[in-house]
Amino acid sequence: MSRKKNTILRHRFSQKNKDVFTKINTSIEFDKFLFNEDIEGSIAHAEMLAQQKIVTIAEKNKIISGLKKILIEIQKEKFIFKPELEDIHMNIENRLQELIGDVAGKLHTARSRNDQVVTDLKLWLRKDIDQIVSELKYLKKTIIRLAEKNIEVIMPGFTHLQTAQPISAGHYFMAYYEMFVRDVERFKETKSRLNKNPLGACAMAGTSFKINRFTTSKRLLFDAPTNNSIDSVSDRDFVIDYLYASSVCAMHLSRIAEEIVLWSSNLINFCKINDDMMSSSSIMPQKKNPDAAELVRAKAALLTSNLSSMLNIMKALPLSYSKDLQEDKRLIIDTSDNIHISIEVITEILKGMKLNKEKLLESASDGYSNATELADWLVKDMNYSFRKAHQITAKIVNYAEENHKKLENLSLKDFKQFDKNITDKIFPKLNIKNVVFSKTSYGGTSPLEVIKAIKKAKKEIE
Ligand code: ARG
């Protein structure tokens, strides 16, 4: 790394920085992604300075045209980022100086990098959240389509990963839909809470210049200026909110990913994943592996760690700004990259997922998944207490298991050994399909309920 002097900020120093200092202090590699927002914020600031007569119109015009040139240079990848200039803010300011001369120095009047970086981050996160929300919308639509296709497909529902009760596969997928509804809400709340403008808080105390923070707020589409200059530069709650919303979303994606891995295993064989989302083995020619789903599962761990890192960076930080805060960018960009790709991967896998309906139905009728139905019937038709019905049913299940039979294949005589009041009315109740159709309580698994849920979801998504 070169030992070039940072000419803008080093006039108080007699020595050049050691390379190792530059190495730890620079953030350009992980904050240059803020270039758009840095320029957007600077233009708004320059406009305000001119409006408040802190700079002249001519100076403002010169500054803004210089900033626009820099934007094009960065977009065309002609801009040279210099680590010794620390961060995106100083890199842009330095280039502005090269392009328009000393008037560039006026841009930083009544501003500090401390309020500048928070402003940039908030602007960037707003856009990133919009992007995540639109990707989640597409995922939600994909799930609805998959659910709709499989409303009448019967599968086993599990608790403790033991067969519990038969359910509609459509109902099952709609459970994931609900999670992503909450995720969208969390992201939207994060966006609306962060939308206060920190620009003008300056280093931490505000300024004696007659700035107008309402003008920059309006120009940058913030709801209002932040209330307290100290809090403005030291607050990273919005980063934690974003990392949290992303972690929860990644956790949901990881749960689906886990099911995809299990379901597509030849041991379980509940579904097939399209070849275009599988990879092979370097040694075993027969293999088709769900690598993408496995990576989504792992990425949830990375995102949780990012959230934990940010909370730990913040937890003992004295007010107001400290350089520790610079490390937030690494966490944000890593989380952003990983949440986008995780959403996209799960969407793609679900789009191509084919359910093995025969296997699902077969598994649904294994494991005495209709036993609860027998107990419920004893309550409804015999007026037994549920506890009594539970005990009789447990004994019948034991008997059936010993005789290697399903409940529906026992004879009436078999049933009567356990309770003489049982009649042949029980048999249709035990039919697996009927069991599923009987769960008509609001939010239950009956296909009729699932159709309603899907209809509601479609309406919500528009
Ligand atoms: N790169 C820094 C950050 O991301 C900019 C903030 C101000 N730096 C400073 N020395 N006060 O936090």
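Both counts, for ligands and for their atoms, begin at 1 and track the order of listing. Numbers here simply count residues along the sequence, with the first being 1. Scope of the values below: all heavy atoms of this structure, side chains included, with no hydrogens, waters or symmetry mates.
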Any pair counted as salt bridge (Lys or Arg N to Asp or Glu O under 4.0 Å), so long as it reaches residues 193-215, sequence neighbours left out: Arg193-Asp241

message: Please enumerate all residues that pass salt bridge (Lys or Arg N to Asp or Glu O under 4.0 Å) together with Lys288, with sequence neighbours excluded.
response: Asp275

- prompt: How about Trp263 and Tyr172: are their ring centres within less than 6.0 Å of each other?
  reply: yes

- prompt: Hey, which residues fall under 4.0 Å of ligand 1 on heavy atoms?
  reply: Ser27, Asp87, His89, Arg113, Asn114, Val117, Tyr321, Gln326, Lys329

query: Quick one: is the NZ or CZ of Arg126 closer than 6.0 Å to the six-membered ring centre of Phe222, and within 45° of its axis?
result: yes

message: With salt bridge (Lys or Arg N to Asp or Glu O under 4.0 Å) as the rule and sequence neighbours excluded, what pairs involving residues 342-357 come up?
response: Glu348-Lys351

- request: Measure up the Phe158 and Phe270 rings against each other and bin them: parallel (under 30°), tilted (30 to 60°), perpendicular (over 60°).
  value: parallel

